[in-house]
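Quick one: the structure is below, and I'll ask about it shortly.
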There are 2 protein chains.
Amino acid sequence: MATKTKNATDETDGLNERLAHSGLRLTPQRRHVHDVLMEHMDHPTADQVFLRAKDSMPEISMATVYNTLDALVKCDMVRQVNVDRGATRYCANMKPHSHFYCDDCGSVYDVLQTISTSEANFKLPRGFKLRNIDTNIHGLCPDCTNKSRNRTN
Amino acid sequence: MATKTKNATDETDGLNERLAHSGLRLTPQRRHVHDVLMEHMDHPTADQVFLRAKDSMPEISMATVYNTLDALVKCDMVRQVNVDRGATRYCANMKPHSHFYCDDCGSVYDVLQTISTSEANFKLPRGFKLRNIDTNIHGLCPDCTNKSRNRTN
DNA sequence: CTAGGTGCAAAAGGTTTGCGGTTAA
DNA sequence: TTAACCGCAAACCTTTTGCACCTAG
């Protein structure tokens, strides 16, 4: 039924190097969680990652998923996405991009454009050190645009 | 000691109209919570709003603070700020602006510039309806920049 | 009279932590 | 051998909910 996942190896993504660079080890759990995130780039919550990871690693625990996600964030292999009150979402797409958040259904989409690729130059007050800019676009996704059209028209 | 707060009235901020427009009433609690948010625009969490509001309205409850904040958000008198895993922060500054988030100490500052005032033109795929763009600048605040300089040099 | 609002206490997420046991340099 | 890591369960923090009472239109 389910398509056989071909796991990434360190040659393909350099996960080991990235972890090592932050003084962290590459464990089977970390490899697996990263693979899970790479397989469907749909911005899952920690809980969703946990459920997916369990499919082929039944012993893995929620705590390990959280620890692992933190480790992957720390070594810059995963981004956290915080757009609303709900659970933090995780994103393994490390190419610069923004997120579109549907205010109606809460789904998150990548938008392949960032404020740094556009010609914005933010002037920060003296002493502030810029690390990166996080752009969250709020609006309605195609599905919800249709639904709301059908309601109001 | 503490400066006497001069409460805003509806003539000054039009809170009543805004609430009414969303089918909501202006209650003493809503007036007070909004005043509290206006007094120090330091992006407090719901809990901090609760503590400050209690100072001059001891009977107010946490649930009311949450309800009220939701009401104020709904009628566009307050913005929610979600930048990290922590509690949602609230911001009564409704002039378009971005937020600077210090990755070290977690404090939030307003930056009087937005992606829409800069010349960005986001191209969204067909069907997506843009409502607004939320820009969060991550980095180090002046205090933490100094601290980290002292540690590493 | 009734819908909307308040306050309380309990519940429901979501995330973190403490700890005993395991594993890899 | 020792520091890093895992899994479990409990704790914790933030937010929501159910309900009885109250109040303004």
Side-chain angles (χ1 to χ4, degrees), chain A residues 10 15-34 36 43-75 77-78 80-90 106 108, chain B residues 10 15-34 36 43-75 77-78 80-90 106 108:
Chain A
D10 197 56
L15 180 53
N16 188 26
E17 280 73 12
R18 291 302 200 87
L19 284 164
H21 186 263
S22 300
L24 301 164
R25 292 184 200 150
L26 177 54
T27 65
Q29 288 83 350
R30 288 174 180 173
R31 169 89 273 158
H32 184 50
V33 165
H34 187 256
V36 161
H43 312 85
T45 62
D47 193 65
Q48 292 172 315
V49 172
F50 173 57
L51 292 175
R52 294 178 193 177
K54 267 208 304 197
D55 275 354
S56 51
M57 191 182 268
E59 345 74 62
I60 199 170
S61 72
M62 196 67 213
T64 297
V65 169
Y66 272 108
N67 285 336
T68 298
L69 290 170
D70 283 349
L72 294 175
V73 168
K74 200 169 295 168
C75 73
M77 290 297 278
V78 163
Q80 283 190 354
V81 185
N82 286 294
V83 263
D84 66 346
R85 282 193 201 198
T88 301
R89 293 152 178 285
Y90 296 86
V108 175
Chain B
D10 196 58
L15 180 53
N16 188 26
E17 280 74 12
R18 291 302 200 86
L19 284 164
H21 185 264
S22 300
L24 301 164
R25 293 181 197 152
L26 176 54
T27 65
Q29 288 85 347
R30 288 175 178 172
R31 169 89 271 159
H32 184 50
V33 165
H34 187 255
V36 161
H43 311 86
T45 61
D47 193 65
Q48 292 172 313
V49 172
F50 173 57
L51 293 175
R52 294 177 193 177
K54 267 210 304 197
D55 275 355
S56 51
M57 191 181 267
E59 346 73 62
I60 198 170
S61 73
M62 197 65 213
T64 297
V65 169
Y66 272 107
N67 285 336
T68 298
L69 290 170
D70 282 350
L72 294 175
V73 168
K74 200 169 296 170
C75 73
M77 289 299 277
V78 163
Q80 282 190 354
V81 185
N82 285 295
V83 263
D84 66 345
R85 281 192 199 194
T88 301
R89 294 152 177 284
Y90 295 87
V108 175

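A, B, ... follow the sequence lines: proteins, then strands. Residue 1 opens every chain.
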Discussion item. Test: side-chain hydrogen bond (donor to acceptor under 3.5 Å, both in side chains). Region: residues 18-28 of chain A. Which pairs qualify, not counting sequence neighbours?
Written reply: none

Fill in: OP1 or OP2 of C:dG14 under 4.0 Å from side-chain N/O of A:T88
no

Discussion item. Can you tell me how far apart CG (A:L26) and CZ (A:R31) are? Round to the nearest 0.5 Å.
Written reply: 6.0 Å

Worksheet item: Rounded to the Å, how far apart are A:H32 NE2 and D:dC5 C1'?
Response: 17 Å

Practice prompt. Can you measure from NE2 (B:H32) to CZ (B:R52) and round to the nearest 0.5 angstrom?
Written response: 11.5 Å

Worksheet item: Rounded to whole angstrom units, what separation is found between the CG atom of A:D84 and the P atom of D:dT16?
Response: 10 Å

Item to complete: Indicate yes or no: at least one non-hydrogen side-chain atom of A:R89 is less than 4.5 angstrom from one of A:V49.
Response: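 Side chain of A:R89 against side chain of A:V49, heavy atoms only: no contact under 4.5 Å found.
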
Worksheet item: Within this structure, what is the CG-to-P distance between B:N82 and D:dT14, rounded to whole angstrom?
Response: 14 Å

Worksheet item: Roughly how far apart are A:H43 NE2 and A:T88 OG1, rounded to 0.5 Å?
Response: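 These two atoms lie 13.5 Å from each other.
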
Discussion item. Does the protein touch nucleotides 19-25 of chain C at the base, only the backbone, or not at all? Give it as B, S and - per nucleotide, heavy atoms under 4.0 Å.
Written reply: -------

Practice prompt. Please report, rounded to the nearest Å, how far the P atom of D:dT15 is from the CZ atom of B:R89.
Written response: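 Atom-to-atom, B:R89 to D:dT15, this comes out as 11 Å.
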
Worksheet item: In residues 56-75 of chain B, which ones come under 4.0 Å of DNA chain D, going by heavy atoms?
Response: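 Residues of residues 56-75 of chain B under 4.0 Å from DNA chain D: B:A63, B:Y66.
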
Discussion item. Would A:L72 and A:L15 count as a side chain to side chain contact (heavy atoms under 4.5 Å, CB included) here? Give the steps.
Written reply: CA-CA 9 Å; A:L72 294 175; A:L15 180 53; 3.7 Å; yes

Worksheet item: Which nucleotide in the list D:dC5, D:dT16, C:dG7 gets nearest to the side chain of B:Q29?
Response: C:dG7

Worksheet item: Would a 4.5 Å heavy-atom cut-off, applied to side chains only, mark A:V33 and A:I60 as touching?
Response: yes

Worksheet item: To the nearest Å, how far apart are B:L24 CG and C:dA3 C1'?
Response: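 The distance from CG of B:L24 to C1' of C:dA3 comes to 12 Å, rounded to the nearest Å.
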
Discussion item. Let me confirm one number: the OG1-CZ distance from A:T64 to A:R30, rounded to the nearest 0.5 Å.
Written reply: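 It is 9.5 Å, given to the nearest 0.5 Å.
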
Worksheet item: Is B:T45 touching bases, backbone alone, or none of the nucleic acid, heavy atoms closer than 4.0 Å?
Response: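 If one applies the 4.0 Å heavy-atom cut-off, B:T45 turns out to touch nothing in the nucleic acid.
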
Item to complete: Using a cut-off of strictly less than 4.0 Å, decide whether B:R85 has a side-chain nitrogen or oxygen near OP1 or OP2 of C:dT16.
Response: yes

Worksheet item: To the nearest angstrom, how far is B:R30 atom CZ from C:dG5 atom C1'?
Response: 6 Å

Worksheet entry | B:L19 side chain reached by B:K74 side chain, heavy atoms, under 4.5 Å |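 No, every pair of side-chain atoms sits at 4.5 Å or beyond.
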
